[in-house]
Amino acid sequence: MGWHDGCVRCMVGVPFASVIATVLCFAGVALFCGCGHEALSGTEKLIETYFSKNYQEYEYLIHVINAFQYVIYGIAVFFFLFGIILLAEGFYTTTAIKHILGEFKPPAIKGGLISTVTGGPPKGRSPRGRQPVHTIELICRCLGKWLGHPDKLVGVTYVITILWLLIFACAAVPVYIYFNTWVTCQSIAFPGKTTTSVSTLCSDARMYGVLPWNAFPGKVCGTSLLAICKTSEFQMTFHLFIAAFVGAAATLVALLTYMVGASFNYAVLRVTGRSDRSKF
């Protein structure tokens, strides 16, 4: 068999949906974690520089920010491992389905994976007598026994998607706060567009629960607020939060794509009568 035929056979078993979802998931998580981490640090600097001079007033906020940053580290590690598992499951089930439907004849090294879904020993192996088994094939067999449950991965991915929806909603909160502040600054910069006095246009961090109500000054008004909006710290933090929000949205799309692909694979296995190998 030539290299061209070998490449064609390998490409038939590639789960393109899972590959695209994995790339999107990694890119989204990287964007969310990296930009979110730096945006939280920028928020801390803005609060302690402009909105409060007493450390005790924003001490709790710093602890919360540090906790969120550690959570971001955990999210990055978790989704790196989870994405690899889902990609492996995509390769595994797609190759098995192609084998069941007769569209793909897997090489012997993948026999241990395929046999866990299709049943029976891999093709080309005699049931009589023991044949020497390669180490890689043993690994594939063990991996196949563990991955051969697309129904369970659909359930796990569903739960993770619900949890990520909460994170997605939380990522929208700082974008909303910074956008409101930016809109207020625009009203100050162009006073002709509003009938309110410029000196009464303020951004109050206490109103959003960022600082306690006894924090001083807690808010910045008028031209002082406009000066803050023009600083590179504010602009950078605002755009970092937007990028983190976009990353969270990309990760959500990737999780939904994973669910659709895994659900389809499990449905095909059931229709072809292989559901006894992938029970709930």
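Criterion: ILVMFWY side-chain heavy atoms under 4.5 Å apart, direct or through other members. Under it, Leu256 and Leu163 are not part of a common hydrophobic cluster.
Under a cut-off of 6.0 angstrom, the local environment of OH in Tyr208 is crowded, with over 12 non-hydrogen atoms contributed by other residues, nucleotides or ligands. Within 6.0 Å of CZ on Phe168 lie more than 12 heavy atoms contributed by other residues, nucleotides or ligands. Around the CZ atom of Phe78, the shell of radius 6.0 Å holds more than 12 heavy atoms that belong to other residues, nucleotides or ligands. The number of heavy atoms from other shown groups lying within 6.0 Å of OH (Tyr73) is above 12.
Heavy atoms only, all atoms of each residue included: Ala21 and Ala254 are closest at O-CB, 3.3 Å. Annotation for Ala76 and Val29: closest pair CA-CG1, 4.0 Å, computed over non-hydrogen atoms. Residues Tyr178 and Leu46 approach most closely at OH-CD1, 3.5 Å, considering heavy atoms. Listed here is the closest heavy atom pair of Ser199 and Cys202: O-SG, 4.2 Å.
Interatomic distance, Ile188 CD1 to Cys221 SG, rounded to the nearest 0.5 Å: 8.0 Å. The distance from atom NE2 of His63 to atom OH of Tyr58, rounded to the nearest 0.5 Å, is 11.5 Å. One distance of note links CZ of Phe238 with OG1 of Thr43; it measures 11.5 Å at 0.5 Å rounding. Going from atom CG of Leu24 over to atom CG of Leu252 covers 10.0 Å, rounded to the nearest 0.5 Å.
Side chain to side chain, Ser41 and Gln69 meet the donor-acceptor criterion of an N or O pair below 3.5 Å. Counted by atom type alone, Tyr70 and Asn66 present zero donor-acceptor pairs between their side chains at under 3.5 Å.
With hydrogens and angles disregarded, no donor-acceptor distance shorter than 3.5 Å links the side chain of Trp213 to the backbone of Gly218.
Phe79 and Phe82 have perpendicular rings, their planes meeting at more than 60° on a 0 to 90° scale where under 30° would count as parallel.
Residues in residues 31-65 take part in no disulfide (SG to SG under 2.5 Å) pair, two or more places apart or across chains. The list of salt bridge (charged side-chain N to carboxylate O under 4.0 Å, His left out) pairs with a residue in residues 199-221, not counting sequence neighbours, reads Asp204-Arg206.
Aromatic rings from Phe245 and Phe32 are positioned such that their centres are separated by 6.0 Å or more.
For the pair Thr181/Leu225, a side-chain contact is recorded, criterion being any heavy-atom separation below 4.5 Å from C-beta on. Side-chain atoms of Ile62 and Glu44, non-hydrogen and from C-beta on, do get closer than 4.5 Å to each other. Thr257 is not listed as a side-chain neighbour of Ile20, based on a closest heavy-atom distance of 4.5 Å or more.
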Step-by-step side-chain contact (heavy atoms from CB on, under 4.5 Å) determination, Trp164 to Ile75:
CA-CA 10 Å; Trp164 190 257; Ile75 289 175; 3.9 Å; yes
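Checked options Thr157, Thr22, Thr161; the residue passing with Tyr258 is Thr22 (criterion: side chain to side chain donor-acceptor pair (under 3.5 Å)). Considering Asn180, Ile228, Leu226, Leu201 as possible partners of Cys185, the one that fulfils the side chain to side chain contact (heavy atoms under 4.5 Å, CB included) test is Leu226.
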Please output the side-chain donor-acceptor pairs of residues 47-56 that fall under 3.5 Å, not counting sequence neighbours, one pair per line with the distance.
unit_1 : atom_1 : unit_2 : atom_2 : d
Thr49  : OG1    : Lys45  : O      : 2.6
Ser52  : OG     : Asn54  : O      : 3.4
Ser52  : OG     : Glu57  : OE1    : 2.6
Lys53  : NZ     : Thr49  : O      : 2.7
Asn54  : OD1    : Gln56  : N      : 3.2

